[in-house]
Amino acid sequence: MGLRLYNTLTLKVEPFSPANGNTVRMYSCGPTVYNYAHIGNLRTFTFNDTLRRWLRYRGFLLEHVMNITDVEDKIIRKSMELGVPMEQYTRKYEQFFLEDMATMRLEKPERIVRATEHIQEMVDLISTLAQKGFTYESDGSVYYRISKFPSYGKLSHHDFSGIQAGARVDNDEYDKDDARDFVLWKQRKGAEPCWDAPFGAGRPGWHIECSAMAMKYLGDTLDIHTGGVDLAFPHHENEIAQSEAATGKPFARFWLHCEHLHVDMQKMSKSLGNIYTLRELIDMGYSPEALRFVLMSVPYRKKLNFTLDSLKGAQSSIERLRNYKLRLQSGRLSDGLNESISELSRFALHKFEAAMDDDLNTAEALAAVFEYVRETNTLLDQGVFVAGNRAEALQLLARFDQVFAVLEPTMTAGLLDDSSIEALIAERTAAKKAKQFSRADDIRNQLLEAGIILEDTKDGVRWKRK
RNA sequence: GGCGCCGUAGCCAAGCGGUAAGGCAGAGGUCUGCAAAACCUUUAUUCGGCGGUUCGAUUCCGCCCGGCGCCUCCA
């Protein structure tokens, strides 16, 4: 049936393919780098990663751009409070963000672009909008006049006809002609960072950077634009207004929005103290893969209720898959090929792929894998799973992990190397044979303390790192 | 007030017209020198409540109850 994705623009699941050739041109709203990313942010970026990986799995090439917002009100305020140059401040958090992405095994977009390095493109775009009559100036700042863009609201499906033109929003420091209008260029204020422009020194509004950078690198019409649900309005709506007014062409064909993550049924907030960062969770002893698994196990359009229990559960789930892989690799199997098991393998892969094709239904894809694992574990117990079926089972795991990327453990330093472990295991086996059980148990405990778990199986001793 | 989402076992959660996936936890079992680990089995006559449509509804429609999001910065 092919890949289908839910499009916020149409509120429907639609068949997806790129507009031109085999390359998907995709833009994702990235982080504002003023703080550590929290797990809610990471959910959205993990969603981007899932989408990327699945598109590549399906044979598409990617031209994916993600922005770094490194000039913005909060950034300016905080860096000024600290008396640190804005760039120094943002680079630090940008670096933390990139590290977190790597820890979470998130593929890097083909381009990661900074807002501050594209001021000229933004100025040009604003000039184009000005030429076409979509802007006005007020108190030295430049605004977008939404009344000139009749389809405003088509993405978030809001009806703005009730909002009166001419209304003044008094809690805004700038004067606007219409409550919906938004700022394209903010006039310079005090010591804030600013850039020269034909319409006066100042800095860009938040929305313009995405339009300018997306179109610079990906052309007038993108295949996919992604972001968190909260960005649909007004940010993405404003991107559409800016871009389409300038080019007269549709800005993005597919808009994908990732739902929010809640913690213990509540929105994350400082006052509730329930904001988690990746680093905190790692300090608490959880693995990045476990967080990745939690974030991926709930389909991206559903709210995800995060709990520490779910993280523990995810760790167990991953262990189960790793154990299965270890069993496949180390087990002694009889020769031959069991055709009915091959059939089972093909069926499982088909279910996995069909689930992912269905708007990235990761929950169902996961179920297909676990079901296969359970069935083939039984067949392994019965001895009917034979050597010829090993490759297909490992391939299913490999394909699964191409997208989920949780099977490889994150290495912790300072542990025994493989050969010393093997030596101790051999010593323990010898002790057991000689009925020196206390010696054998000592070695077992010694290894356990070093984070090595032994498994006595029919085929001998198998070990793994905890 | 406007627009939209959700309510499925102890917990997370799929399914969305044909009679309830999967994971975690719990309980049993297999294996074992004892253990651990691992694996297997098992856990919802029922899908928030009440009506309606239908041969048939968790799935569609209406109402009600409960939770949430957006409409202002926010992943």
Side-chain angles (χ1 to χ4, degrees), chain A residues 8 11 28-32 37-48 72-74 153 156-163 169 171-172 179-180 182 206 226-235 237 257-262 265-269 293-294 297-307 309-324 326-327 351 355 358 361-378 380-382 431-433 435-438 440-441 444-445 447-448 452-458 461-464 466:
Chain A
T8 306
L11 303 178
S28 298
C29 286
T32 301
H38 60 240
I39 56 174
N41 298 317
L42 291 177
R43 183 190 191 191
T44 299
F45 298 116
T46 303
F47 153 67
N48 287 154
E72 180 262 359
D73 292 358
K74 282 190 289 282
S156 51
H157 306 281
H158 276 121
D159 177 7
F160 290 92
S161 57
I163 297 175
V169 180
N171 62 355
D172 194 301
R180 302 171 298 171
F182 57 92
W206 172 41
T226 75
V229 268
D230 51 301
L231 295 187
F233 185 88
H235 183 56
E237 202 72 73
H257 292 100
C258 183
E259 249 299 347
H260 275 174
L261 170 150
H262 284 207
M265 304 302 284
Q266 291 174 299
K267 197 169 176 172
M268 278 187 291
S269 75
F293 188 97
V294 167
S297 62
V298 178
Y300 76 94
R301 282 200 292 132
K302 298 270 187 170
K303 286 183 192 71
L304 187 160
N305 182 33
F306 176 88
T307 62
D309 269 352
S310 67
L311 253 196
K312 289 189 197 104
Q315 193 68 62
S316 303
S317 299
I318 293 170
E319 281 307 316
R320 181 166 159 78
L321 296 174
R322 287 178 182 165
N323 287 328
Y324 175 73
L326 195 61
R327 183 179 191 188
K351 272 172 73 173
D358 182 14
N361 191 336
T362 46
E364 213 168 291
L366 220 39
V369 172
F370 276 104
E371 198 176 350
Y372 177 80
V373 168
R374 194 195 63 240
E375 286 167 348
T376 51
N377 260 324
T378 302
L380 281 159
D381 285 345
Q382 294 167 349
K432 274 175 67 175
K433 227 171 210 160
K435 304 260 189 245
Q436 295 168 351
F437 294 121
S438 66
D441 290 350
R444 183 209 283 159
N445 288 331
L447 284 166
L448 188 61
I452 309 300
I453 294 171
L454 299 189
E455 296 180 18
D456 291 333
T457 73
K458 287 191 202 74
V461 184
R462 193 158 68 193
W463 65 272
K464 62 185 181 188
K466 194 169 177 57

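FYI, side chains are in, hydrogens and waters are out, and symmetry mates aren't considered; it's all heavy atoms of this structure.
A residue-by-residue look at A:T44 and A:P299 shows that A:P299 has its nearest nucleotide of RNA chain B further toward the 5' end. Two residues, A:L366 and A:E72, neighbour RNA chain B, and the one matched to the more 5' nucleotide by heavy-atom proximity is A:L366.
Closest contact between the side chain of A:D381 and the listed nucleotides B:C73, B:C39, B:G23 involves B:C39. Closest approach to the A:A367 side chain among B:G22, B:C34, B:U72 is made by B:G22 (side chain taken as heavy atoms from C-beta onward). Side-chain proximity of A:R374 to the nucleotides B:C39, B:U41, B:C70 is greatest for B:U41. Among the nucleotides B:A25, B:G33, B:C40, the one closest to any side-chain atom of A:S316 is B:A25. Of the candidate nucleotides B:A13, B:A37, B:G69, B:A13 has the atom lying nearest to any side-chain atom of A:V298. If you check B:C70, B:G33, B:A37 against the side chain of A:H158, the one that comes closest is B:C70. Looking at the side chain of A:K303, the nearest of the listed nucleotides B:A36, B:G69, B:C39 is B:G69.
As the counterpart of B:C68, B:G4 is assigned, both hydrogen-bonding distances of the Watson-Crick or G-U wobble pattern falling under 3.5 Å. Across all strands shown, B:C47 forms no Watson-Crick or G-U wobble pair with both distances under 3.5 Å. Summarising the base pairing, B:U41 is matched to B:A27 through a Watson-Crick or G-U wobble pair whose two defining distances lie under 3.5 Å. Within the shown strands, nothing qualifies as a pairing partner of B:U19 under the Watson-Crick or G-U definition with both distances less than 3.5 Å. Using N1 to N3 plus N6-O4 or O6-N4 for Watson-Crick, or N1-O2 and O6-N3 for G-U wobble, each under 3.5 Å, B:C60 pairs with B:G52. The partner of B:U32 is absent, by the rule that a Watson-Crick or G-U pair needs both atom distances under 3.5 Å.
B:C63 and B:U19: their C1' atoms are spaced 26 Å apart (whole Å). The same atom, P, is picked in B:U58 and in B:C68; the two are 28 Å apart, to the nearest Å.
By the 5.5 Å and 30° criteria, A:F370 is not stacked with the base of B:G22.
Of the side-chain N and O atoms in A:N305, none sit less than 4.0 angstrom from OP1 or OP2 of B:C68. OP1 or OP2 of B:A38 has not a single side-chain nitrogen or oxygen of A:R462 nearer than 4.0 Å. A:S310 has no side-chain polar atom (N or O) that falls below the 4.0 Å cut-off from OP1 or OP2 of B:C11. The side chain of A:R320 contributes an N or O atom lying less than 4.0 Å from OP1 or OP2 of B:C40.
Interface remark: the A:D358 side chain does not form any donor-acceptor pair with the B:G15 base, using a distance-only criterion of under 3.5 Å. The base of B:A37 does not come close enough to the side chain of A:N323 for any donor and acceptor atom to sit less than 3.5 Å apart. Residue-to-nucleotide contacts include a donor-acceptor pair under 3.5 Å from the side chain of A:R444 to the base of B:C34.
Among the atoms of the strands shown, base atoms are found under 4.0 Å from some heavy atom of A:D441. Among the heavy atoms of the strands lying under 4.0 Å from A:K432 is at least one base atom, whether or not backbone atoms are also near. At a threshold of 4.0 angstrom between heavy atoms, the contacts of A:K464 are confined to the sugar-phosphate backbone, with no base atom among them. In this structure, A:L42 reaches neither bases nor backbone, as no heavy-atom distance under 4.0 Å exists between it and the strands shown. Looking at heavy-atom distances under 4.0 Å, A:H262 makes contact with sugar-phosphate atoms alone, never a base. In this structure, A:L261 reaches the bases: a heavy-atom distance under 4.0 Å links it to at least one base atom across the strands shown. Within 4.0 Å of A:P31, counting heavy atoms only, lies no atom of the nucleic acid at all.
The OH-P distance, from A:Y372 to B:G23, rounds to 16 Å in whole Å. One interatomic measurement links the two molecules: CG of A:L304 to C1' of B:C11, which rounds to 13 Å at whole-angstrom precision. Put simply, CG on A:D309 is 13 Å from P on B:A13, counting in whole angstrom units. Between the CG atom of A:N41 and the C1' atom of B:C73 there is a distance of 13 Å, given to the nearest Å. B:A37 atom P lies 16 Å from atom CG of A:N377, rounded to whole Å.
Proximity of a side-chain donor or acceptor of A:R43 to a complementary backbone N or O of A:E259 within less than 3.5 Å is detected. Side-chain atoms of A:S310 never come within 3.5 Å of backbone atoms of A:F306 as a donor-acceptor pair (strictly under, hydrogens ignored). For the pair A:H257 (side chain) and A:R301 (backbone), a donor-acceptor distance under 3.5 Å is absent.
Note on ring orientation: taking the six-membered ring where Trp is involved, the planes of A:W206 and A:H235 are parallel (angle under 30°, cut-offs 30° and 60°). Taking the six-membered ring where tryptophan is involved, the planes of A:F233 and A:H158 are perpendicular, since the angle between them exceeds 60° and thus also 30°.
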**OP:** Mind running side chain to side chain contact (heavy atoms under 4.5 Å, CB included) on A:F370 and A:R320 for me, showing each step along the way?
**Re:** CA-CA 9 Å; A:F370 276 104; A:R320 181 166 159 78; 3.8 Å; yes

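Taking a cutoff of 4.0 Å between a charged side-chain nitrogen and a carboxylate oxygen, A:K432 and A:D441 do not qualify as a salt bridge.
A:T44 and A:Y300 form no side-chain donor-acceptor contact under 3.5 Å, judged by distance and modelled atom types alone.
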